[in-house]
Amino acid sequence: QVQLVESGGGSVQAGGSLRLSCAASGTRYSSTIMGWFRQAPGKEREGVAAIYTGSGNTYYADSVKGRFTISQDVAKKTVYLHMNSLKPEDTAMYYCAADRIVGFGGSWSDPGEYNYWGQGTQVTVSS
């Protein structure tokens, strides 16, 4: 059973930084795509960033390019989302998601393509 545990959310002022962590277990980590999604009240869940854990290839939403960085610690089976220059519009519940690369044929940013999800961590950015 794949389990994802997120941590690192919180409240910060605009321009500040936060780092989210997602620890994975129960999966063959090197054959996984792991993504970060966010959902603000009244809005759809949207893809923020993703990483193919085997190749290290990364993907970003245009809204966060240059401000957010996704990285991983393979030994710890943990993916991070480093968020800099945070804006009030980044306020949302952030979710970690994962799925096996085998059979993953869709877009990294489509939440429907992921079978495993964490519980979410709240990020609040005040102006």
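For reference, positions follow the sequence shown, starting with 1.
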When rounded to the nearest 0.5 angstrom, what is the spacing between [atom1] in [X] and [atom2] in [Y]?
| X | Y | atom1 | atom2 | value |
| --- | --- | --- | --- | --- |
| W117 | C22 | CH2 | SG | 10.5 Å |
| L4 | K77 | CG | NZ | 12.0 Å |
| Q1 | T27 | CD | OG1 | 11.0 Å |
| L86 | S127 | CG | OG | 13.0 Å |

Would a 4.5 Å heavy-atom cut-off, applied to side chains only, mark [X] and [Y] as touching?
| X | Y | value |
| --- | --- | --- |
| Y114 | I33 | yes |
| D99 | Y116 | yes |
| V79 | I51 | yes |
| S21 | E6 | no |
| D90 | F68 | yes |
| V48 | F37 | no |
| L20 | V123 | yes |

query: Going by atom types only, do T53 and S30 share a side-chain donor-acceptor pair under 3.5 Å?
result: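 Not at all, the side chains of T53 and S30 share no donor-acceptor pair under 3.5 Å.
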message: Is it the case that the side chains of Y94 and Q39 hold a donor-acceptor pair, with the cut-off being a distance below 3.5 Å and no angle test?
response: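 The answer is no; no qualifying pair exists.
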So which atom in [X] and which in [Y] form the shortest heavy-atom distance, rounded to 0.1 Å?
| X | Y | result |
| --- | --- | --- |
| G56 | Q72 | CA-NE2, 4.2 Å |
| L81 | A49 | CD1-CB, 4.1 Å |
| M34 | A98 | CG-CB, 4.1 Å |
| Y29 | A24 | CD1-CB, 4.4 Å |

query: Are V64 and M83 close enough, and set up right, to give a side chain to side chain contact (heavy atoms under 4.5 Å, CB included), and what steps lead you there?
result: CA-CA 9 Å; V64 306; M83 304 185 293; over 6 Å; no
Quiz: residues 8-18 side-chain donor-acceptor pairs under 3.5 angstrom, not counting sequence neighbours:
| unit_1 | atom_1 | unit_2 | atom_2 | d |
| --- | --- | --- | --- | --- |
| S17 | OG | N84 | OD1 | 2.9 |

- request: Verify, without hydrogens or angle tests, whether S107 (side chain) and S109 (backbone) share a donor-acceptor contact under 3.5 angstrom.
  value: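 It does hold such a pair.
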query: Any donor and acceptor pair, going by atom type alone, linking the side chain of T78 with main-chain N or O of K76 inside 3.5 Å?
result: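 Flag set: sc T78 to bb K76 pair under 3.5 Å.
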query: Transitively linked via ILVMFWY side-chain contacts under 4.5 Å: V74 with W36?
result: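 Yes; tracing contacts between hydrophobic side chains, which count when under 4.5 Å, links both residues.
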message: Going by side-chain contact (heavy atoms from CB on, under 4.5 Å), name the residues that satisfy it together with T91, two or more places apart in sequence or in a different chain.
response: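 Scan of T91 (side-chain contact (heavy atoms from CB on, under 4.5 Å), adjacent residues dropped) gives Q122, T124, V125.
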message: Working note: R67 + Y60, criterion side-chain hydrogen bond (donor to acceptor under 3.5 Å, both in side chains); need CA distance, chi angles, decisive distance, verdict.
response: CA-CA 10 Å; R67 300 189 298 122; Y60 296 94; over 6 Å; no
Ring-face cation of R38 near Y95 (centre distance under 6.0 Å, axis angle within 45°):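 No, R38 does not sit over the ring of Y95.
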query: Salt bridge between K65 and D62, side-chain N to carboxylate O under 4.0 Å?
result: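 Salt bridge: yes.
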